[in-house]
Amino acid sequence: MNKSSPSIDMKTNIETEIKELSNLSTLMLNHDNYPVKFEIFQIYDNLLDADTSLKNKSLYNLLFMDVLPSFLEYLKEPILPSYRTENILTKQLIIDLVNKTISHYRSSIQYWIKQNKVCDKILQVLHLGSKILDLSVIRFVRTIVLYADFFFVSA
């Protein structure tokens with residue numbers, strides 16, 4: 001019998017869990033039921049609360065290489081009249097997650113924010129004509145001012 005070592009099994013389990021979390025982000029963007037979207041948002045929110053440093057490389061890669069970039073791209077999507085409420089509330093959740101991420105990681109993600117043009121993508125939401133999203137963008141600007149530095153204000 002050839003048994004695998006516990007470290008290999010643990011690594012495989014972590015990779016499987018990360019893949020499932022990534023699949024949840026796709027579900028959040030494509031599902032038409034807001035409570036489902038909100039529960040998925042809560043999972044990511046809780047993961048941010050649980051991560052106390054950037055040492056959790058798997059979570060960091062999941063958030064910054066997979067989930068958040070796809071969420072930021074979703075912000076560009078038009079608001080469809082038949083799914084207006086769902087589209088608006090999904091965009092609001094995305095901006096809230098970005099705010100939480102910035103407040104959690106603070107200045108350690110400045111390069112990522114600049115590289116992914118996060119400020120530009122969120123500020124473009126102001127053109128969608130939604131008071132809810134306008135308020136979310138204002139909260140984003142407040143988060144940048146509170147947790148970032150002059151690097152973002154001048155960008």
Side-chain angles (χ1 to χ4, degrees), residues 15 17-155:
E15 289 170 355
E17 290 170 0
I18 293 297
K19 183 174 173 140
E20 291 305 316
L21 286 170
S22 179
N23 291 339
L24 285 176
S25 68
T26 303
L27 181 62
M28 181 176 158
L29 296 179
N30 296 324
H31 207 283
D32 62 351
N33 186 308
Y34 179 74
V36 169
K37 293 173 182 272
F38 184 76
E39 289 302 319
I40 295 169
F41 164 80
Q42 290 289 11
I43 291 169
Y44 288 118
D45 186 53
N46 290 332
L47 283 171
L48 281 171
D49 286 339
D51 184 35
T52 57
S53 71
L54 293 176
K55 292 178 183 174
N56 187 343
K57 200 67 167 164
S58 297
L59 175 60
Y60 182 85
N61 286 338
L62 171 73
L63 283 173
F64 295 105
M65 303 303 169
D66 185 21
V67 173
L68 289 173
S70 66
F71 284 0
L72 290 168
E73 288 304 311
Y74 181 84
L75 292 176
K76 296 178 183 178
E77 296 291 321
I79 295 175
L80 303 174
S82 57
Y83 293 103
R84 181 170 173 77
T85 301
E86 290 84 359
N87 291 153
I88 289 171
L89 294 175
T90 302
K91 291 173 191 283
Q92 179 187 23
L93 289 175
I94 291 168
I95 295 170
D96 288 348
L97 186 62
V98 171
N99 286 342
K100 174 84 177 211
T101 304
I102 291 170
S103 65
H104 183 76
Y105 289 109
R106 299 182 185 228
S107 61
S108 60
I109 62 167
Q110 288 179 351
Y111 178 75
W112 180 87
I113 291 172
K114 182 77 169 172
Q115 180 183 25
N116 288 279
K117 300 180 180 178
V118 174
C119 295
D120 294 340
K121 290 175 181 174
I122 291 179
L123 290 175
Q124 287 178 357
V125 171
L126 290 171
H127 300 289
L128 297 174
S130 165
K131 291 179 184 178
I132 292 170
L133 292 176
D134 291 352
L135 183 58
S136 291
V137 172
I138 292 168
R139 283 194 302 264
F140 168 75
V141 171
R142 182 182 69 199
T143 300
I144 290 293
V145 170
L146 288 174
Y147 296 108
D149 61 18
F150 191 72
F151 175 80
F152 293 114
V153 177
S154 63

OH of Tyr34: more than 12 outside heavy atoms within 6.0 angstrom?
-> yes

Backbone N or O of Thr143 within a donor-acceptor pair of the Asn99 side chain at under 3.5 Å?
-> no

Are side-chain heavy atoms of Asn116 and Leu68 found at a separation under 4.5 Å?
-> no

Would you mind reporting whether Ser25 and Ile40 have side-chain heavy atoms less than 4.5 Å apart?
-> no

Could you please spell out the steps behind the side chain to side chain donor-acceptor pair (under 3.5 Å) verdict for Tyr74 and Asn30?
-> CA-CA 10 Å; Tyr74 181 84; Asn30 296 324; over 6 Å; no

Go through the steps for Phe140 and Asp96 under the test side-chain contact (heavy atoms from CB on, under 4.5 Å), then give the verdict.
-> CA-CA 8 Å; Phe140 168 75; Asp96 288 348; over 6 Å; no

Please assess Trp112 against Val118 for the test side-chain contact (heavy atoms from CB on, under 4.5 Å), listing each intermediate value before the final yes or no.
-> CA-CA 8 Å; Trp112 180 87; Val118 174; 3.5 Å; yes

Roughly how far, to the nearest 0.5 Å, is the [atom2] atom of [Y] from the [atom1] atom of [X]?
{"X": "Leu63", "Y": "Leu48", "atom1": "CG", "atom2": "CG", "result": "5.5 Å"}
{"X": "Leu47", "Y": "Gln42", "atom1": "CG", "atom2": "CD", "result": "11.5 Å"}
{"X": "Ile122", "Y": "Gln124", "atom1": "CD1", "atom2": "CD", "result": "10.5 Å"}
{"X": "His127", "Y": "Asp134", "atom1": "NE2", "atom2": "CG", "result": "10.0 Å"}
{"X": "Leu89", "Y": "Phe38", "atom1": "CG", "atom2": "CZ", "result": "10.5 Å"}
{"X": "Ile88", "Y": "Ile132", "atom1": "CD1", "atom2": "CD1", "result": "6.0 Å"}

Step-by-step side-chain contact (heavy atoms from CB on, under 4.5 Å) determination, Val141 to Leu123 = CA-CA 9 Å; Val141 171; Leu123 290 175; 4.1 Å; yes

For Tyr44 and Asp49, does a side-chain donor sit closer than 3.5 Å to a side-chain acceptor?
-> no

Return the minimal non-hydrogen interatomic distance between [X] and [Y], and the atom names on each side.
{"X": "Leu133", "Y": "Gln92", "result": "CD2-N, 3.6 Å"}
{"X": "Lys91", "Y": "Leu75", "result": "NZ-O, 3.0 Å"}
{"X": "Ser136", "Y": "Ile95", "result": "O-CG2, 3.5 Å"}
{"X": "Leu29", "Y": "Ser70", "result": "CD1-O, 3.9 Å"}
{"X": "Leu97", "Y": "Asp45", "result": "CD1-N, 4.3 Å"}
{"X": "Met28", "Y": "Phe71", "result": "SD-CZ, 3.7 Å"}

Pairing residues for Lys76 by the side chain to side chain donor-acceptor pair (under 3.5 Å) criterion, not counting sequence neighbours = Glu73

Run the ring-centre check on Phe64 versus Tyr105 and record whether the distance is less than 6.0 Å.
-> yes

Below 4.0 angstrom, N of the basic side chain to O of the carboxylate: do Asp32 and Lys37 qualify?
-> no

